[in-house]
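Report on the following structure.
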Amino acid sequence: MASSRRQYPFHLIEPKWQKIWEAQQTFRAFNPGEKIPENHPFAQRHGADAMVPGPVAATQLPPKFYILDMFPYPSGAGLHVGHPEGYTATDILARYKRALGFNVLHPMGWDAFGLPAEQYAVKTGQHPRQTTEQNIATFKRQIQSLGFSYDWSRELATTDPDYFKWTQWIFLKLYNSWFNPETNKAEPIETLVYPTELESQSVGRASSRADSRDGSSVASPHQNIESARRAYRDSKRLAYVSEQPVWWCEQLGTVLANEEVVDGKSEVGGFPVVRKPMRQWMLRITAYAEKLLNDLDTIDWTDSLKEMQRNWIGRSEGAEVEFRIPNSEFRITVFTTRPDTLFGATYLVLSPEHKLVDQITAPEQRAAIAQYKTEVAQKSDLERTELAKEKTGVFTGAYAINPVNGQKIPIWIADYVLASYGTGAIMAVPAHDTRDFEFATKFKLPIVQVVQPPDLKTDWHGFVGDGTSVNSTGPEISITGLPTAEAKRKITDWLETKRLGKKTVNYKLRDWLFSRQRYWGEPFPIVWKKGPDGQSYHEALPESALPVLPPALTDYKPTATGEPPLTRAKDWVNLPDGSQRETNTMPQWAGSCWYYLRYLDAKNPTAFVSREAEAYWMGSPTPNSQLPTPKSTPGVDLYVGGTEHAVLHLLYARFWHKVLFDLGYVSTPEPFFKLVNQGMVLGEDNQKMSKSRGNVIPVDVPVQEVGTDALRLFEMFMGPLEMVKPWSTKGVEGVYRFLGRVWRLFVDEPSETEFEQAETTAETQRRGELLDLIKLSPAIKDVSAVPAQLKTLHACIKKVTEDLDGLRFNTAISALMVFVNEAMTWETKPATVLRDFLILLQPFAPHLAEELWVKLNLQPSTFNLQLPNLAYACWPRFDPALLVESEMEIPVQVNGKLRDVIKVPVNADNAALEAAARASEKVQPFIAGKTIKKVIVVPKKLVNLIVV
RNA sequence: GCCGGUGUGGCGAAAUGGCAGACGCACAGGACUUAAAAUCCUGGGACCGUAAAAAGUCGUGUGGGUUCGAGUCCCACCACCGGCACCA
């Protein structure tokens, strides 16, 4: 490949245009309030409105279009050809929308905190910042070599103190807020209403402050009530501290969130993890479960993605039911989604960790219970799931009373009941629950049918569907004969009136474990103090203390006891006033939760984003829009990234956005209006690209060999964006050849030969100028196009426009190919037709298109096209009138089988179509001597003759 | 097990219920060339035919169905990919 002759001088064209774009700041997106330079192509395109002498107002700007990529983690390995797939798609769209007249925001940045740089630091002592900066430089060079139209003036890195200052600031907002169930939104913690016993006007703030300096002083009643108030307040914050068992990974030296643990191993590296109780920061995402679920209906995401989020949130409606224990004060509350099966509850099961287990266990069962609990505790979750095939459990010796029929039923413990879901206890209905059925079968517990399947032939044993209640009559309540839905309603109502239970909604979603025992993350803007009662408590730093920078360290390892590495920085941790800094750091997700907002106003020193910028870029379309199709949407108009972020990043970011919305900092309840997942690019061997398989193709390879435009084109030509598809070196060469054809369509071959000869002798420095030697093909003339040429062009405009609107890049490219194949055969090529073609080509192959655009415009002729910058040239509109044919080809079927294709005038009516079809020679043999029973004529489409 | 997606030539793929395979790759033949590469032209689902054609039959994972007509809609199943997984 490398040895063969170049299809066209992309090696000179591509760097040339990248330099021009950079110098001209071609892709700068202008904010309201900015002054737009008069000579900027954006000002030229948008004319008087945007060329006001002073700062431009939002209403003077065209409608916005915000098109966003998921920003990458800059790894040391650099980019392979899979990375730019999504970036290419968004760039094509960005360029297309720019051509349509939108003010396009298309930014890029770096999700730069993260484990690899820290692990490297542990090994080598090199500061993660240094590693990170090197990696960013590599990534940036590679991404820039692809010619994407990013506005680099908005570049950001989550590791930049000017950025994470605001990550910490948002954390403070979470910390200083609570979720008010009355208003159903987050509010400042000051609006929190305390329970009456904690209401106290007499507690002087000043005095309690003063007292708290002296940790040894005896707590006064004032102080007691103040710390009780504090405890209450802290228990309501959206960011709170909790001592709880977390996943500890020895090798990574950190805790992991539930979602970072896969199959009992760390998602990163696949190391073993164990449960360990630790003090952690949590974010109260569960308060937003309902909104996160419901608002999915308001956004344009794929069904599968929404479904994944729904499953993750895991809403289930049911009832809590209280079971009495005879001769005891204790009550056991269970959660069930099938209250209608209460009559079939033949035993209860508590999770081994349930707090009542020890108190209710009968003396003779104590030893067995204790042993089972030990066994369970020793099992890792991996073992627990692996051994899930066989149910285990132990009888406690205690009994409970079924409230509907007064029956005494045994209480067991078993590890198939999870402590962390619902109430940690269930009523077992073995007849109608698979797990209970298995358990009951194994331990020979009674199985009672209470639901009749709709199909009488269905076996009721283990039937879990809806049906009709049977055997469900007690002394006070009967639901026998009721269909499931109604039975649920009736029994829940009855339980509520009897105060034995209530309707309840449960979620699988858990609060977000937000702290990590790592160095390379945002420090918390939190300090710990000791109260007069000797209890330590946390307090937020003031905004003026931001950013809180991580301290310098020489050793990045966590301490042996699992204390975070920041603990080693004693000077940093201990503050002059005796308080101590929080030593946990935030997880990598923190920075990516809001980066799309920072892009709107990336350099703002006084706010995370200005209100004006936020309103313009995230708000609804501006009213003065004069575009033919103003289709901006609230929020990010299009967000493209991989499925791997389907739940975590996308759920966390939505959560933060909703909090910011509730607190009045952003104007939309959802951040990302439309979201598309690009499919993975596999290696040529159809396997996932990985170093170990040796099938990784770095982007630099095709960029060197066929150029960026060909790479971009092939990324899109491989297949639909959302699909998984294999890379193909041969395929890249195919689109490269296509670009060569485009080149030859435009240029004069003798002048190119001259150029090539000059190039071999010219100094490297001067080679770029040699491009000017290449002249436009003499076949391109300033003549009006003939109808057939216009038809070819407009068919192409139509197809490319419609396909871009539908994100069907592959078929848009094939339409461009069809045009070129056709145009190659023209003896005379009208300049105006080729001009429009270049505008269509520009989003896909911008470097080549710009170069040819210049040649077309510099031609000393009467072309007079007067459009200096292709990137801002108006997108052509197709004229349907030009696509109309005078004749059409109509397939003729006999009994549904194709027998002929006839040509008829385009205005032929049904009768004419039928007549022409009957007259067809090829059709004759199939209808001769037969009766035509029926004739189906689809206007302008087809004729089908039915014979017998 | 549950949820979602995908199955079409040798390969990547395309087709508002109406000519299956656009466009491209690979391949074959031809032109240009001393030759090769590059380029340009032509061909192409399978089968059966034929000197070559034509005509014909079959064909979108499998089996049914709806329809004048199904890659497309419905039912059942199979395979692969992704997600979740004792969530009561």
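Protein chains get the first letters and strands the later ones, always in sequence-line order, with residue 1 at the start of each.
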Toward the 5' end of RNA chain B, by each residue's nearest nucleotide, G896(A) or Y507(A):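 Result: G896(A).
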
5'-most by nearest nucleotide on RNA chain B - T825(A) or N944(A):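 The residue mapped nearer the 5' terminus is T825(A).
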
Please tabulate, one pair per line, each protein N/O and nucleotide N/O from nucleotides 10-16 of chain B that are separated by under 3.5 Å, including the distance.
residue, atom, partner, partner atom, Å
G12(B), O2', M718(A), O, 2.5
A14(B), OP1, N810(A), ND2, 2.8

Under 4.0 Å: is that the gap between some side-chain N or O of [X] and OP1 or OP2 of [N]?
X       : N      : result
R744(A) : C40(B) : yes
R741(A) : U39(B) : no
S316(A) : A88(B) : yes
K897(A) : C58(B) : yes
Y416(A) : A88(B) : no
Q7(A)   : U39(B) : yes

Using atom [atom1] in both nucleotides, what's the gap between [N] and [M] to the nearest angstrom?
N      : M      : atom1 : value
A22(B) : G29(B) : C1'   : 24 Å
G1(B)  : C77(B) : P     : 12 Å
C73(B) : G4(B)  : P     : 16 Å
C58(B) : G9(B)  : C1'   : 14 Å
U67(B) : C74(B) : P     : 16 Å
U62(B) : C86(B) : P     : 37 Å
A37(B) : A31(B) : C1'   : 15 Å
G82(B) : C25(B) : P     : 30 Å

Starting the side chain at C-beta, find the nucleotide from [options] nearest to [X].
X       : options                : result
M817(A) : C23(B), C19(B), C68(B) : C23(B)
E889(A) : C19(B), C23(B), C68(B) : C19(B)
V818(A) : C19(B), C23(B), C86(B) : C23(B)
I426(A) : A22(B), C68(B), A88(B) : A88(B)
R737(A) : A26(B), G83(B), G24(B) : A26(B)
Q893(A) : U57(B), C25(B), G18(B) : G18(B)
K508(A) : A26(B), C84(B), G56(B) : C84(B)

Sub-4.5 Å side-chain heavy-atom contact between [X] and [Y]:
X       : Y       : answer
F837(A) : F746(A) : yes
I426(A) : L348(A) : no
L816(A) : C796(A) : yes

Closest non-hydrogen atom pair, I813(A) against L713(A):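 Smallest heavy-atom distance, with atoms named: CD1-O, 3.5 Å.
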
Partners meeting ring-ring contact (aromatic ring centres under 6.0 Å, His included) with W301(A) (sequence neighbours left out):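 So W301(A) forms no ring-ring contact (aromatic ring centres under 6.0 Å, His included) with any residue.
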
Is [Y] paired with [X] through a side-chain N to carboxylate O contact shorter than 4.0 Å?
X       : Y       : result
K725(A) : E85(A)  : yes
E375(A) : K373(A) : no
D297(A) : R310(A) : yes
R808(A) : E802(A) : no
R918(A) : E914(A) : yes
R744(A) : E752(A) : no

Proximity of Y347(A) and F439(A) rings by center, below 6.0 Å: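 Ring centroids of Y347(A) and F439(A) are less than 6.0 Å from each other.
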
Aromatic contact, W743(A) with F10(A) (centres under 6.0 Å):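 No - the distance between ring centres of W743(A) and F10(A) does not fall below the 6.0 Å cut-off.
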
Please classify the nucleic acid contact of [X] as base, sugar-phosphate, or nothing, using heavy-atom distances under 4.0 Å.
X       : answer
F926(A) : sugar-phosphate
T336(A) : sugar-phosphate
T643(A) : nothing
R899(A) : sugar-phosphate
S304(A) : sugar-phosphate
G734(A) : sugar-phosphate
N821(A) : sugar-phosphate
I946(A) : sugar-phosphate

Could you check how far [atom1] of [X] sits from [atom2] of [N], rounded to whole Å?
X       : N      : atom1 : atom2 : result
L305(A) : C84(B) : CG    : P     : 13 Å
M308(A) : C81(B) : CE    : P     : 16 Å
F809(A) : G24(B) : CZ    : C1'   : 18 Å
L296(A) : G4(B)  : CG    : P     : 15 Å
N311(A) : G4(B)  : CG    : C1'   : 9 Å
E733(A) : A37(B) : CD    : C1'   : 13 Å
E722(A) : G4(B)  : CD    : P     : 18 Å
N677(A) : G5(B)  : CG    : P     : 14 Å

Glycosidic class, syn or anti, of G9(B) using a 90° window around 0: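 This nucleotide is in syn.
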
Ring geometry between F819(A) and W826(A) (parallel below 30°, tilted from 30 to 60°, perpendicular above 60°):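 Perpendicular, since the angle between the ring planes exceeds 60°.
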
Side-chain donor/acceptor contact of K933(A) with base of C68(B) under 3.5 Å: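 Side chain to base: no pair present.
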
Intra- and interstrand pairs of RNA chain B - dot-bracket, Watson-Crick/G-U under 3.5 Å, | marks other strand: (((((((..(((.....[....))).(((((.......))))).(((........)))..(((((..]....))))))))))))....

